[in-house]
Number of protein chains: 2
Amino acid sequence: MAQFVNAKEDLVKEAIDGLLACSGGTLSRLDGYPHIKVVYRSDWDMSRVALISGGGSGHEPAHAGFVGPGMLTAAVCGEVFASPSVEAVLAGILAVAGEAGCLLIVKNYTGDRLNFGLAAERARALGRKVEMVVVDDDVALPDLPQPRGVAGTLFVHKIAGAMAEAGKPLEEIAEAARRIIANVASIGKSLDTCTIPGSPKESRIPSGKAELGLGIHGEPGVEQVDFSGAAEAMDILLGKLRPHVQNGACVALMNNLGSTTPLEMSVLCHSLSDANFATHIIGPAPMMTSLDMHGFSVSILPVSNEELEALMVPVPMAAWPGMQEIKAPNVQPLPDGLSPIEPIPSANTQNEATINHVADLLIAAEGALNELDAKSGDGDTGSTLATAARALKTNLSKMPLADLTQLFPALGNELSQTMGGSSGVILAIYFNAAGDACANGAPVHQALLAGMKRVSDVGGASVGDRTMIDALAPALAALGEGLSAAAKAAREGADSTAAIHKAKAGRAAYVPSDNLKGHNDPGAEAVALVFEGLARSIEG
Amino acid sequence: MAQFVNAKEDLVKEAIDGLLACSGGTLSRLDGYPHIKVVYRSDWDMSRVALISGGGSGHEPAHAGFVGPGMLTAAVCGEVFASPSVEAVLAGILAVAGEAGCLLIVKNYTGDRLNFGLAAERARALGRKVEMVVVDDDVALPDLPQPRGVAGTLFVHKIAGAMAEAGKPLEEIAEAARRIIANVASIGKSLDTCTIPGSPKESRIPSGKAELGLGIHGEPGVEQVDFSGAAEAMDILLGKLRPHVQNGACVALMNNLGSTTPLEMSVLCHSLSDANFATHIIGPAPMMTSLDMHGFSVSILPVSNEELEALMVPVPMAAWPGMQEIKAPNVQPLPDGLSPIEPIPSANTQNEATINHVADLLIAAEGALNELDAKSGDGDTGSTLATAARALKTNLSKMPLADLTQLFPALGNELSQTMGGSSGVILAIYFNAAGDACANGAPVHQALLAGMKRVSDVGGASVGDRTMIDALAPALAALGEGLSAAAKAAREGADSTAAIHKAKAGRAAYVPSDNLKGHNDPGAEAVALVFEGLARSIEG
């Protein structure tokens, strides 16, 4: 399965250099490639206790993404899913541990324990003060001989990080870390395995199943369970975590194992918040991932006030999502004004006659416009317009015919309901904008122009784009010279569309140009027919 | 393909409620489910210009994740990949637009343009001041009739957001937004399509190919190109973007389209920073996603000083990754002390004799220990120990035999090189810790206990876990009474392991208990053999 990598042996090195390049100079690394890959704070002055974590890569943003003020001092990065060497860990210790000493925060995997452990010994032999804690938060099996270290590690990074930043001594920080480790519990669930760079993806989880209690290295979960949805998936996890929750403040860390979408993570969080399980939440966010695994994990830590405060302290690293109190969603009433105000009917013989006339013209043109539309579209322009025109005639008595400021938006709202689709919205925009202009004192002609400008802005069409604008724009431009001039201009404009072989807006933009050649755009044609009809009635 | 969702029709609603529950109360929503899904700032006081964005869901964290101080005031969310209704947008406007008015920031898709456009008209008819801008940053095809709006939209959110927060008037903000839209360019690339909830996944992109110029709704890209790695993939994108770069400050926005791993994103950033293309970077992070699409997009904006400053302003939303200056990675020399100090050889007949004796005992036990190991492991414990013992005998003349403080760590370093694997690291930890204790003034017996304690801490094994500790711990406990007592205790301890059917640490933890029954742990047996041999030589 292809991935955005280059040579596999350069993957972790290039990723670290990319991270550094985008860190704004806040991160540095040791010159130890390829074997020693240590990322650390550029601003580190050794005045306080250093926190060092790390392990195999593939868990990003852990661990290098959490290096910075208030969390880790350094991250020692191995190759993907492989522990870093003793020398790499030692280099990290020697680079950042000063008089105040350092704490190694290690996840419970044999390779990490041993390599960090021996590096600690060698650093002690060189006079460094080193403490080491091993996180074993996985509760997949209650009697697992060596519970793995997974996302609960983040609690140690954050709380110990806040303490170190505040200048606490090593012994106190190590003790706090051990207390966290004794109390934290995590469990993960996944719908698919991860893709290890350079290896084919293993399809281990059958359809309809999820793996429960998996680690962060693509190893199989403790069991495969039926999967029937997000709510039940979260329920099962919370059941496993319940024995580890105590009364009082309890923080849940919602970790995306890789490729779970934010939509899914939020749906899971909805279940979590509904369950009244935790008082606070960190995430949802990818924190301790397993490459691109489609899964998530929940970690739970019952916390003291001091721990809660330490978790609350903001840090500048983008990877840390921060902590929030879990609260029921705040739902506010809908604002007034959503339903269009029913206009107060009023009479005006001339306006009524004009609208009736336009409607009749469109009803009469139904067949011709459908035929035209069939050449480049789905052949319904005529019917769409005629249906709306018929409805309009029926409702005309309810219209505020005497007041254009009210009549224009009323027409718009009417058409958006009876015409439907894009056309209805476009005409609604047209008449609403015209009404808006009227309300601001514009005469009718200006109001009609204002409507067209807005339709052009919103719809993205100008003259020459093969839309109704091609007829409407010249018609309105000529309207000052009378309706006949406008009708002539509309006709010329509509006929010009037969020569436009490439539509730039509207549905015809997706139609091959051969289908457009030699016949008018049906929208422009409708405009021309209306203006011509109105002009004839005045002449006649 | 299974996803962590419940009923499809509840997906967006549940996701929004999950987001709200985890927002610490900073986000509210309107009571308009299922059709009206508007998320807005709980602290909004209408004193400034409101910024409203939105569109179909499936692009998270856009848009609701960017609602907060300094970015959006409200997000109007449609169903997955579907525009929200006119009424939903209108509800959003009416809920947050005060005297200062509001700006609608719309991505260039017909449905969004029309629905936001008509809502704007209806809000104007109700007396609201509304401006609307349409982002069309996709440069996949130079002559695309209607370029799509994609991740470049984030630049508008952030810069307009900073201006609105600073109290700028609507006209000025809209003008700034239009300037950004005129200058911003984006293009995306993907190795796989996205999974639309409730639909089977379309496998459109063949192996060895990538899609270039795709949008954010799973629609096909403009072309399929050969894919041969991250560096070339980035090169092709930058080629498309180059015409849009100008001299001076230029910000790149590195957007994860969904399921690209942080490792891959960092590798791509490495290429970007190497190309000297942009001066600043936002991300890498998922900002404008396409569900779980395995792809990324780069957006480029040449910026003025004012725009750069606006992008720089920190905001509290976790989804916003912030902006950093792109810099060459800062690489620092390795610290001193990584190579073990070569000990100065010294002579001590008694120590030399003891070590030789222990080595001979292990060499003599090779076959027996291998046989024991074969019952529960890979049958090499004897050979591993014998090989290291032979090497140690050869190198004994180079050892600092006269000084235990030096001798212990020298033995540790020697064994970690000649023995290899976990055993070598464990013995290295043992002897380094013992040396550390010696250096701190502990007598030999105490130093040996200190070593064992450290091995137990680091390796996670205690008495009863079926490891060498089961013989070593009682032997050292009895050592005060003499070597014979220690040997007796070691033997009893080693023999006790035959009754331990469940190993809690070490490799045997993964062996079925039936294979462990009735024979000693080979590590414990080795310890017992050594103590017994030493005791015999003293008696004899």
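Keep in mind that what you see is a predicted model, and the values were worked out from it rather than measured. Numbered from 1 within each chain, the chains take letters A, B, ... in sequence-line order.
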Is it the backbone or the side chain of [X] that comes under 4.5 Å from a heavy atom of chain A, or both, or neither?
X      : answer
B/F116 : neither
B/D336 : backbone
B/S42  : side chain
B/D17  : both
B/S28  : both
B/P333 : backbone
B/S416 : side chain
B/D457 : backbone
B/S228 : neither
B/L94  : both
B/A439 : neither
B/I281 : side chain
B/V106 : neither
B/A328 : neither

Taking all heavy atoms of [X] and all of [Y], pick out the closest pair and write down the distance.
X      : Y      : value
A/V80  : B/L263 : CG2-CD1, 4.0 Å
B/S422 : A/L114 : CB-CD1, 3.5 Å
A/C22  : B/C269 : SG-CB, 3.6 Å
B/G24  : A/Q324 : CA-OE1, 3.5 Å
A/N6   : B/A230 : OD1-N, 3.0 Å
B/I429 : A/G117 : CD1-C, 3.8 Å

Starting at [atom1] of [X], measure out to [atom2] of [Y] and round the result to the nearest 0.5 Å.
X      : Y      : atom1 : atom2 : result
B/T26  : A/E325 : OG1   : CD    : 12.0 Å
A/L20  : B/H270 : CG    : NE2   : 11.0 Å
B/S266 : A/E14  : OG    : CD    : 11.0 Å
A/Q3   : B/F227 : CD    : CZ    : 8.5 Å
B/E264 : A/T195 : CD    : OG1   : 8.5 Å

Report the option among [options] that has the most heavy-atom pairs separated by less than 4.5 Å from atoms of chain B.
options               : answer
A/L334, A/L126, A/D10 : A/L334
A/G25, A/A231, A/P284 : A/A231
A/V12, A/N413, A/L268 : A/L268
A/L191, A/T261, A/V38 : A/L191
A/G58, A/A91, A/A95   : A/A91
A/L90, A/V455, A/V331 : A/V331

Do you know which of [options] has the most heavy-atom pairs with chain A at a distance under 4.5 angstrom?
options                        : value
B/A7, B/A428, B/G111, B/G435   : B/A428
B/S23, B/S207, B/G322, B/A318  : B/S23
B/I205, B/V267, B/N108         : B/V267
B/G337, B/S273, B/A119, B/G258 : B/G337
B/G412, B/G229, B/A252, B/P329 : B/P329
B/R454, B/M132, B/M317         : B/R454

Is there a side-chain contact between [X] and [Y] (heavy atoms, below 4.5 Å)?
X      : Y      : value
B/H294 : A/F4   : yes
B/R29  : A/Q332 : no
B/R124 : A/N432 : no
A/V458 : B/L118 : no
B/L30  : A/P335 : yes
A/N330 : B/L27  : no

Kindly say whether A/P409 contributes a backbone atom to a donor-acceptor pair with the side chain of B/R122 at under 3.5 angstrom?
no
For A/Y430, enumerate each residue passing the ring-ring contact (aromatic ring centres under 6.0 Å, His included) test, keeping only those at least two apart in sequence or located in another chain.
none
Stepwise side chain to side chain contact (heavy atoms under 4.5 Å, CB included) test for A/L338 and B/I36:
CA-CA 11 Å; A/L338 283 184; B/I36 295 180; 3.8 Å; yes
